[in-house]
Amino acid sequence: MQKDLTAPIDQQTIDRWQADGVVLLKGVFTPWIEPLSRGVAALMANPSEYGHARTVIPKDGSAPFFQDYCNWSRIPEFEDFVFQSAAAEIAAALMQSQTAKFFHEHTLVKQPGGSTVTPWHHDQPYYCVSGRQNVSFWIPLDPVAQATSLRCIRGSHRWDAEFSPTRFNGTKLYDHARFRSLPDIDAHEDEYDIVSWDLEPGDAVAFHFRTVHGARGNHTARSRRVFSARWVGDDAAFADRGGVTSPPYPELRLRDGEPLDSPLFPQVWPRG
């Protein structure tokens, strides 16, 4: 596929993202839906060890929630997106960063009728990275109704607290108590500025690693395939979380506070 040479993003969008921690980008990745769909099909046919471990099998017998990550170097369509799309340039613009490094990709497929709820959380405490310059692109490969779409709390990226990461079975990712417990958002939804959208393939929801978000189960008759691409900027540093992060990166040998410099995280912007 030919490179996307321009990033369709304006200053108003950048300012809104900086203020809200989440913004809808309409149609920015439309040319990439077909190749990303092929990549997701190849991945689901041959998941990584993480895919086998992270896929959620609901106890009620409904459809699984397939997840896998860190496959960009073995799925050509994912690698092409990382290096050839406008994602890195858009990420740098939103982050107000001179550089954009690719952190990882995450494939999330909620099959038709699946009951698995993505609980409220924010991503940064799961990750081995600190810094304020970061962004995730949540890119649906199928039409997504608002009822099953990503839900984000606008402005939550500016909250002081970091919340304890939990697994889908409810257990904590880390044994220590460095992080606070998340408030009961579902019981007090009217107290939060929750946003979500109907989405078409090629749209993207861009959100900060600290933006609190979640999603309902997929009770529709259509699959909800999502390719999520995550980026970090100039201030990215390795964070020792006191436990095995998600993704775990067992081969990474950095100390707490060192710049996140590793071939695992290629710098894509500016283009060489």
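Since the structure is predicted, the reported quantities are computational estimates derived from the model, not experimental observations. Below, all heavy atoms of this structure are taken into account, side chains as well, without hydrogens, waters or symmetry copies.
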What's the verdict on side chain to side chain contact (heavy atoms under 4.5 Å, CB included) for Ile33 and Ile139, showing C-alpha distance, side-chain angles and the deciding distance? CA-CA 9 Å; Ile33 297 308; Ile139 305 166; 4.2 Å; yes
Close side-chain approach of Pro165 and Phe179, heavy atoms under 4.5 Å: yes
For the pair Lys110 (side chain) and Val226 (backbone), establish whether a donor and an acceptor sit closer than 3.5 Å, ignoring hydrogens and angles. no
Do Tyr69 and Ser246 pair up side chain to side chain, a donor and an acceptor below 3.5 Å, judged on atom types alone? yes
Taking side chain as C-beta onward, heavy atoms only, is Leu43 less than 4.5 Å from Phe66? yes
May I ask you to decide if Gly217's main-chain N or O and Ser115's side chain share a donor-acceptor pair within less than 3.5 Å? no
Do the non-hydrogen side-chain atoms of Val22 and Arg154 ever get within less than 4.5 Å of each other? yes
Going from CZ on Arg225 to CD on Gln111, what distance comes out if it is rounded to the nearest 0.5 angstrom? 10.0 Å
Is it true that Arg210 and Glu162 have a side-chain N and a carboxylate O under 4.0 angstrom from each other? yes
To the nearest 0.5 Å, what is the distance between CG on Leu260 and CZ on Phe265? 4.5 Å
Is a side-chain N or O of Ser196 found less than 3.5 angstrom from the main chain of Ser149, in a donor-acceptor match? no
What one should report as the nearest heavy-atom pair of Thr30 and Pro201 is OG1-O, 4.0 Å
Would you say the rings of Tyr249 and Phe238 are close, in the sense that their centroids are separated by under 6.0 Å? no
Check for me, please, whether Ile9 and Phe137 land in the same ILVMFWY cluster - side-chain distances under 4.5 Å, paths through other members count. yes
Please check if Trp138 and Phe227 belong to a single hydrophobic cluster, counting links between Ile, Leu, Val, Met, Phe, Trp and Tyr side chain heavy atoms closer than 4.5 Å. no
Is there a path of hydrophobic side-chain contacts, each under 4.5 Å between heavy atoms of I, L, V, M, F, W or Y residues, that connects Phe78 with Phe103? no
Are the ring centres of Phe83 and Phe102 closer than 6.0 Å? no
What one should report as the nearest heavy-atom pair of Thr118 and Phe168 is CA-CE2, 3.9 Å
In Å, rounded to the nearest 0.5 Å, how long is the span from OG1 of Thr245 to CG of Leu173? 7.5 Å
Looking at Glu258 and Arg255, would you say the former's side chain and the latter's main chain have a donor-acceptor pair under 3.5 Å? yes
Grab the two heavy atoms, one from Val135 and one from Ala91, that are nearest each other, plus how far apart they are. CG1-CB, 3.6 Å
Taking atom CG of Asp190 as the centre, does the number of heavy atoms from other residues, nucleotides or ligands within less than 6.0 Å exceed 12? yes
Check the orientation of Trp159 and Phe163. Use parallel for under 30°, tilted for 30 to 60°, and perpendicular for over 60°. perpendicular
Report the relative orientation of the aromatic rings in His121 and Tyr126; use parallel for angles under 30°, tilted for 30 to 60°, perpendicular for over 60°. perpendicular
Whether the side chain of His208 engages the backbone of Trp17 through a donor-acceptor N/O pair (distance < 3.5 Å, no angle test) should be reported. no
Hey, does the side chain of Arg158 reach the backbone of Ala19 with a donor-acceptor pair shorter than 3.5 angstrom? yes
Could you check whether atom CD of Glu34 has more than 12 heavy atoms from other residues, nucleotides or ligands sitting under 6.0 Å from it? no
Answer yes or no: is there a donor N or O on one side and an acceptor on the other, between the side chain of Tyr50 and the main chain of Asn71, under 3.5 Å? no
Would you say the side-chain atoms of Gln133 pair up with the backbone N or O of Gln96, donor to acceptor, closer than 3.5 Å? yes
Report yes if some heavy atom in the side chain of Trp120 is under 4.5 Å from a heavy atom in the side chain of Asp184; otherwise report no. no
Could you tell me if the side chain of Pro270 sits less than 4.5 Å from the side chain of Thr99, heavy atoms only? yes
For Ala177, is there any backbone N or O sitting under 3.5 Å from a side-chain donor or acceptor partner on Arg180? no
Interatomic distance, Asp20 atom CG to Asp15 atom CG [nearest 0.5 angstrom]: 10.5 Å
Within one Ile-Leu-Val-Met-Phe-Trp-Tyr cluster: Val82 and Ile75, side-chain cutoff 4.5 Å: yes
Indicate the atoms forming the closest heavy-atom contact of Gly113 with Ser62, along with that distance. O-CB, 3.4 Å
Could you point out which residue of Tyr127, Trp231, Trp72 forms a ring pair (Phe, Tyr, Trp, His ring centres under 6.0 Å) with His104? Tyr127
Thr148 versus Asn218, side-chain donor and acceptor atoms under 3.5 Å: no
Does NZ in Lys172 sit with more than 12 non-hydrogen atoms of other residues, nucleotides or ligands closer than 6.0 Å? no
A quick test of your reading: do over 12 heavy atoms of other residues, nucleotides or ligands sit less than 6.0 Å from CG of Asp175? no
Between Asp234 and Gln98 (side chain of the first, backbone of the second, donor and acceptor by atom type, cut-off under 3.5 Å), is there such a pair? yes
Could you grab the distance from atom CG of Leu252 to atom CG of Leu264, nearest 0.5 Å is fine? 6.0 Å
Ile14 and Val28: same hydrophobic cluster, using ILVMFWY side-chain contacts below 4.5 Å? yes
Dump the intermediate steps for side chain to side chain contact (heavy atoms under 4.5 Å, CB included) on His106 and Ser136, then the final yes or no. CA-CA 10 Å; His106 189 173; Ser136 288; over 6 Å; no
Could you tell me whether the side chains of His213 and His122 share a donor-acceptor contact shorter than 3.5 Å? no
Within this structure, what is the CG-CG distance for the pair Leu199 and Leu150, rounded to the nearest 0.5 Å? 8.0 Å
Taking every heavy atom of Val129 against every heavy atom of Gln124, the minimum-distance pair comes out as O-NE2, 3.3 Å
More than 12 heavy atoms from other groups under 6.0 Å of CD on Gln12: no
Non-hydrogen atoms of Pro112 and Ala63 that approach each other most closely: O-CB, 3.4 Å
